[in-house]
Each structure stands twice: as C-alpha cells, then as structure tokens.
There are 2 protein chains.
Amino acid sequence: MDKKEQILASALKLFVEFGFHGTPTSKIAKEAGVSNGTLFHYFATKEDLIKELYITIKNDLNQFLFSKITPEDGVEAIIKKVFIYFIYWALDNREKNHYIQQVLFSPHIFQISESVLMEQSQKHIQLIEEAKATKIIKELPTDLIYTLANSHLMGIYNYVVNLPPDQQKPIIENGFEMLWDMLTEQK
Amino acid sequence: MDKKEQILASALKLFVEFGFHGTPTSKIAKEAGVSNGTLFHYFATKEDLIKELYITIKNDLNQFLFSKITPEDGVEAIIKKVFIYFIYWALDNREKNHYIQQVLFSPHIFQISESVLMEQSQKHIQLIEEAKATKIIKELPTDLIYTLANSHLMGIYNYVVNLPPDQQKPIIENGFEMLWDMLTEQK
DNA sequence: ACCTTTGTAGAGTGATTAGTCAATCTAGTA
DNA sequence: TACTAGATTGACTAATCACTCTACAAAGGT
C-alpha cells in the first residue's frame, strides 16, 4: 500500500474512533508511519483529507455494488442485489459505513460539491426511474423512494450489525421483502 | 431566558452550523452574550455541554410527543400520533433534530451513559411491545421494529423537509400508512 | 448589618494544532 | 555523470483553544 492509501486508511480508523476534532493530523501521520510533512504533501488541508476519504469510500462502494450485477438481471433482481450487497458491504466495512454517516451529519458534507454527490447517487436514481417506468413499483416521487430505500437499508443494517453472523441472512432477505412490498402495489 | 438556556441555545445553533470542532467555547459564550467564565460555571467541560444539550433536546421531544396522547387513544392511534407529531416537531425544530443525528454519529454518543439512552427509548419500546401483544403488528423482534420505524421516520422527514409546507401533510400521512402496512399482517 | 452562596466577568495560561519550510533523498532521463 | 522533479522529513511557528483564577456583584438567609 502506498503512503497516500496508508494515510487514508489511518485517517478512517482514527476519525471513526475519535471524531474529526479528536484526531490531530499528527496522529494520522504517526499511525500511517509517515511524517507530518508527507501528509500535507498529499492533502493540502485536513478538510481535503476528510473530503477525499469520503469520496474514495463512496466510489469504492458503488463500484462494488454494480460489479455484482450481471447483464441478464432484470430491474427487480438488480435492485435486490444492490440492497442485499450494500448490507453485506457495510457489515464487512463497518468503519467505512460509519464514516459515511458521520460525514453526512457533519458540516463537512457542505464542503463536498453538489455535482460529486449527485454523480454518486445517479445510478441508483436511474434504477428507480426504470422500475417506475416498467410499472414494477408504485408511482411515487423518485426522491422519496430513494430516501425511503436508503433509510430502510440503514434500519436493517443497524439491527443486523449487533446479531451473530449466522442469524443475519434471514433478516436481510426478509428486510428486502418488506421494502419491496412497501414499494410495489398491493391489492 | 436565563443564561444557561441562552448558552444551550447558542451552542445548538453553532454546533449544527460549524460542528463540534468548529465551535470554540468562546464563540458560544459570545453568541449567548455571556462571559467565558459564565459558560464554565454552568458546564464544567465542553463535553458536558454537548451531552447536556443532547439530553435536554431528547427530553423535550419525548415530552412533546407524549403530551399529544389522550387517555382514550388506542395503541394504533398512539403510534400514529407519535409518528406524525415527531415529523412535525422535527420540521419545527430542524436544528434540534439535526443535532440529535449529529451526536448519534459522533464519538460523543459513547460519553452518554447507557441508562440515560435507555430511559429515552423505553416508552417507545413499551408501545411496540403493547402493539405486538394485542396482535396488531407482526411478530418481529421489538428492536427490529423500533429501528425500522425510526429509519422510516427519518426517511420521510428527509424528503418532506425540502418540500413547500402545503405539500407536506399528504406525504406524512401516506408515509405512516406505508410503515403501518409494512408492520401489520397482509393477506 | 453580616455572612454565605451563587452568578458573572474577562484577562491569563499552558497545551495543542494545522500548516510551513528548508533540507535531504530517490528515481527517472539525457 | 549531471540534472530535474517529485517525495519525504521533522523541526518550527503562529494561532487557537479549553479551561483557570481572581475579583467583584447580587441575592438571600439570619
């Protein structure tokens, strides 16, 4: 792992444990095994480090999610995969998931440009529009569906994260069904 | 408003806008119109201020929610009221709601004693158990229901917060129905 | 009137921090 | 070999911050 990645990895660990305030750049550099100067060679400011870490993680996540899709998958299968694999990713990358939420409810989120944030949700939004177009899911505002799906996802995650691994799968599967039932028409 | 309340109000405003790190105690004192010393007369440490602000807001919220219940309300009516009025409270107290979330995803949450946190969710948990006992809602783990309801609530809030006020009501009402359908048995 | 407690002020302090800078190292290229 | 550009170091600095301390004022009890 090169120095830049090392710095990002150390920053992630420390930010999640001690918060942005609680982690001086000097500790990040130390943990990463590099000098103070090197940190500022790669990241002009601490704020830049926070931002870049966020964007890196989000991109990794999206790449992972969409790598699970195969061409023959229908819209429903894709949505289900995105849902399920997000939770497995979050369980395997708890710090990263926590960090994303941490940034989301901090003033740092406003430092990240609107266009970057949009870019990351674009594919998910597209999926929803597609599902709406093919009449699979209800005619609700796309943003509402997106928000509800996200919230539900986090709800399931928050519950299963405290469960022993062998009990997680049925809850996750059932969790998706609950969301799906909510979003599809019921007679 | 006495000085202590003034300090809490100023802290809320500044913490939400600039984060915990971004707001020095000196700025809080200035904004509140008191001296540095006065702030530390009421709150031994900055951390104490952060904690007490959290607990105060949570208690206010709970008091508000349960003040809306009348004795003749059944379990379903109570749950609906708690749901609906939470959203209205959050819309009327955006900073307070944002602050709660901010603390939740920060290391400061670990500084708040387990018993205080439990006490605040106790009534909500009781409500769910009651609803389960009377067979109104599905037989799922109480914690799971609690988490899902919370998530759904925040999802609806996140959507309506960007809507003009006259369009909020139908979404909120419908939002509750979606959750209720999800938690009650479907044939 | 006297004393005690509590509230308030604001200058002061020691520690910490983000970011700088000049110097050295490394690797690629000609 | 000589040159260059980027990488790396770590001591240094200017600023900031949480918190202290001393002094004084207000309130209230006896």
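Heavy atoms only: backbone and side chains are in, while hydrogens, waters and symmetry mates are out. The sequence lines fix the lettering, A, B, ..., with proteins before strands; numbering per chain opens at 1.
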Is the NZ or CZ atom of A/Lys123 both under 6.0 Å from the centre of the six-membered ring of A/Phe66 and within 45° of that ring's axis?
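Yes; both conditions hold, so A/Lys123 lies above the ring face of A/Phe66.
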
Between [N] and [X], is there an OP1 or OP2 to side-chain N/O distance shorter than 4.0 Å?
X: B/His41; N: C/dG7; result: yes
X: B/Ser35; N: C/dA9; result: yes
X: A/Thr38; N: D/dT8; result: no
X: B/Tyr42; N: C/dT8; result: yes

Could you give the [atom1]-to-[atom2] distance, from [X] to [N], as a whole number of Å?
X: A/Lys30; N: D/dT8; atom1: NZ; atom2: P; answer: 20 Å
X: B/Phe43; N: C/dG7; atom1: CZ; atom2: P; answer: 12 Å
X: B/Gln6; N: C/dG7; atom1: CD; atom2: C1'; answer: 15 Å
X: A/Leu39; N: C/dT17; atom1: CG; atom2: C1'; answer: 13 Å
X: B/Lys3; N: D/dA27; atom1: NZ; atom2: P; answer: 12 Å
X: B/Asp2; N: C/dT6; atom1: CG; atom2: C1'; answer: 13 Å

Show each protein N/O and nucleotides 15-21 of chain D N/O combination with a separation under 3.5 Å, one pair to a line.
| unit_1 | atom_1 | unit_2 | atom_2 | d |
| --- | --- | --- | --- | --- |
| D/dA18 | OP1 | B/Lys46 | NZ | 2.5 |
| D/dA18 | OP2 | B/Thr25 | N | 2.7 |
| D/dA18 | OP2 | B/Thr25 | OG1 | 2.9 |
| D/dC19 | OP2 | B/Lys46 | N | 2.7 |

Any donor-acceptor pair under 3.5 Å linking the side-chain atoms of A/Thr56 with those of A/Asn59?
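Side-chain D/A pair, A/Asn59 to A/Thr56: absent.
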
Would the B/His98 and B/Tyr157 ring centres measure less than 6.0 Å apart?
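Here the rings of B/Tyr157 and B/His98 have centres that are no less than 6.0 Å from each other.
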
For a side chain to side chain donor-acceptor pair (under 3.5 Å) check, start with the C-alpha distance between B/Thr147 and B/Asn150, then their side-chain angles and the critical distance, and finish with the verdict.
CA-CA 5 Å; B/Thr147 303; B/Asn150 255 314; over 6 Å; no

Can you label the angle between the B/Trp89 ring and the B/Phe86 ring as parallel, tilted or perpendicular, going by 30° and 60°?
tilted

Which label fits A/His21 and B/His21: parallel for a plane angle under 30°, tilted from 30 to 60°, or perpendicular past 60°?
parallel

